[in-house]
Amino acid sequence: MQTPEEPGTTTDHPAERRRAIYLLPNLFTTAAMFAGFYAIIAAMGGRFQTAAIAIIIAGILDGLDGRIARMTNTQSDFGKEYDSMSDLVSFGIAPSLVMYQWALEGLGGWFWSKIGWLAAFFYAVAAAMRLARFNTQAGTADRRYFVGISSPAAAGLLATFVWVGNTMGYAGGDLVALAIFFTIAAGALMVSRVRYYSFKDLNLSQRVSFPVLVMVPLVFILIALNPPRVLFLMAFFYALSGPAVMLWRLWQRRRTAKPEID
């Protein structure tokens, strides 16, 4: 057994652990960035369904790298910063360019062509600001909620929208109004103060009842029936959940405050 002084060993000092670079979680982060970059390449070649699926795969890999880092106790400052750079590529630049190539690039006229690329740029810069705000609030924010929709969820909304439209035989120009709306709305939700449930407090190692366990394959079956439509509906209703809960709480507050005023 090696002693702490021998070469090749690691220590558990928090400062050294934060400065360390770990292979396993960063492999998943690199894979997520690769998927996002590949989505851009696929969109440039007109393979929009492939591009949308690549963004969704990037979202799955992005969700795994953080959990793996926590499970193996391999969190580090490098991993956190690298993950942010990967997120900017996969969930900021890639979705905006895929949407632009699919629907917004074909807008005719000087004014509308400007609207197309400015909407795509707005989404990209909103994703960058969302990630920067998340990093600055990481130590103080409530882990159970995101302030603004997360960039992977926003990217999933745009990617599944492109996927649904493509599989239904629509060209991007046929749905350009909806494309502009979803692009701007997703960007605005990222930089908003609307809170979204993060699912980070879910304990995958805890006991569950049998009916809950049965729900897991049912969800996979539902997705398998029509992946683009089901995933789009999941992303769409999650995007709506934040504003809906916020409006519900405002209504509840006004309802409880009204008798006091009366």
Side-chain angles (χ1 to χ4, degrees), residues 29-63 65 82-134 148-191 227-228 231-232 235-236 239:
T29 303
T30 303
M33 186 186 295
F34 176 83
F37 186 79
Y38 183 78
I40 299 174
I41 301 300
M44 292 171 62
R47 305 189 306 274
F48 298 109
Q49 179 173 329
T50 302
I53 294 174
I55 292 174
I56 294 171
I57 292 174
I60 296 172
L61 293 171
D62 179 71
D65 64 358
Y82 186 39
D83 182 69
S84 293
M85 299 299 102
S86 173
D87 288 353
L88 181 58
V89 173
S90 300
F91 312 125
I93 304 300
S96 62
L97 291 180
V98 170
M99 183 65 81
Y100 178 76
Q101 290 281 341
W102 183 63
L104 305 181
E105 184 182 21
L107 288 173
W110 178 87
F111 176 77
W112 289 108
S113 63
K114 297 289 184 182
I115 293 295
W117 71 261
L118 285 174
F121 173 74
F122 172 74
Y123 176 90
V125 74
M129 290 182 178
R130 168 69 178 79
L131 291 166
R133 184 176 65 182
F134 176 79
I149 193 171
S150 65
S151 57
L157 179 63
L158 297 194
T160 53
F161 174 72
V162 172
W163 192 5
V164 167
N166 194 71
T167 55
M168 293 179 67
Y170 289 105
D174 300 331
L175 303 174
V176 65
L178 284 175
I180 292 176
F181 170 77
F182 278 115
T183 303
I184 295 177
L189 286 174
M190 279 193 289
V191 295
L231 291 175
F232 171 71
F236 179 73

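Not measured: the values here are computed from a predicted model. Below, each value reflects all heavy atoms present in this structure, side chains not excepted, and no hydrogens, waters or symmetry copies.
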For Asp83, what residues pass the side-chain hydrogen bond (donor to acceptor under 3.5 Å, both in side chains) criterion, not counting sequence neighbours? none
Spacing of Leu97 atom CG and Ile40 atom CD1 [to the nearest 0.5 Å]: 5.0 Å
Phe37 vs Ile93, test: side chain to side chain contact (heavy atoms under 4.5 Å, CB included). Steps then yes/no. CA-CA 9 Å; Phe37 186 79; Ile93 304 300; over 6 Å; no
State, to 0.1 Å, how close Ser151 and Asp87 come at their nearest heavy-atom pair, and which atoms those are. OG-CB, 4.4 Å
Tabulate below the donor-acceptor pairs under 3.5 Å that side-chain atoms of residues 47-63 make, not counting sequence neighbours, or state none.
none

List for me each residue that meets side chain to side chain contact (heavy atoms under 4.5 Å, CB included) alongside Ala120, sequence neighbours excluded, and say none if there are none. Ser96, Tyr100, Leu104
Nearest-0.5 Å distance that lies between atom CD in Gln101 and atom CE in Met44: 7.0 Å
Measure across Arg133 and Val191 and return the closest heavy-atom pair with its distance rounded to 0.1 Å. NH1-O, 3.3 Å
What distance do Tyr170 atom OH and Trp102 atom CH2 have between them, rounded to the nearest 0.5 Å? 10.0 Å
Sidechain-backbone polar pair: Ser86 side chain, Tyr82 backbone, donor-acceptor under 3.5 Å: no
Restricting to side-chain hydrogen bond (donor to acceptor under 3.5 Å, both in side chains), what partner residues turn up for Thr167, sequence neighbours left out? none
Contacts of Ser84 meeting side chain to side chain contact (heavy atoms under 4.5 Å, CB included) (sequence neighbours excluded), chain-then-number -> Asn135
How long is the straight-line distance from CE of Met168 back to CG of Asp174, given to the nearest 0.5 Å? 11.0 Å
What pair of heavy atoms forms the shortest contact from Val98 to Ala39, and how long is it? CG2-O, 3.8 Å
Closest non-hydrogen atom pair between Ser90 and Ala94, with its separation: O-CB, 3.6 Å
Compare every heavy atom of Phe122 with every heavy atom of Ile184, then report the nearest pair and how far apart it is. O-CE2, 3.4 Å
Counting N and O atoms only, with roles assigned by atom type, does the side chain of Arg130 sit under 3.5 Å from a partner on the main chain of Gly92, one being a donor and the other an acceptor? no
Distance-only donor-acceptor hits, side chain of residues 154-163, under 3.5 Å, sequence neighbours excluded:
| from | atom 1 | to | atom 2 | distance (Å) |
| --- | --- | --- | --- | --- |
| Thr160 | OG1 | Gly156 | O | 2.7 |
| Thr160 | OG1 | Leu157 | O | 3.2 |

Any idea which heavy atoms bring Thr183 and Ala179 closest together, and the distance? OG1-O, 2.7 Å
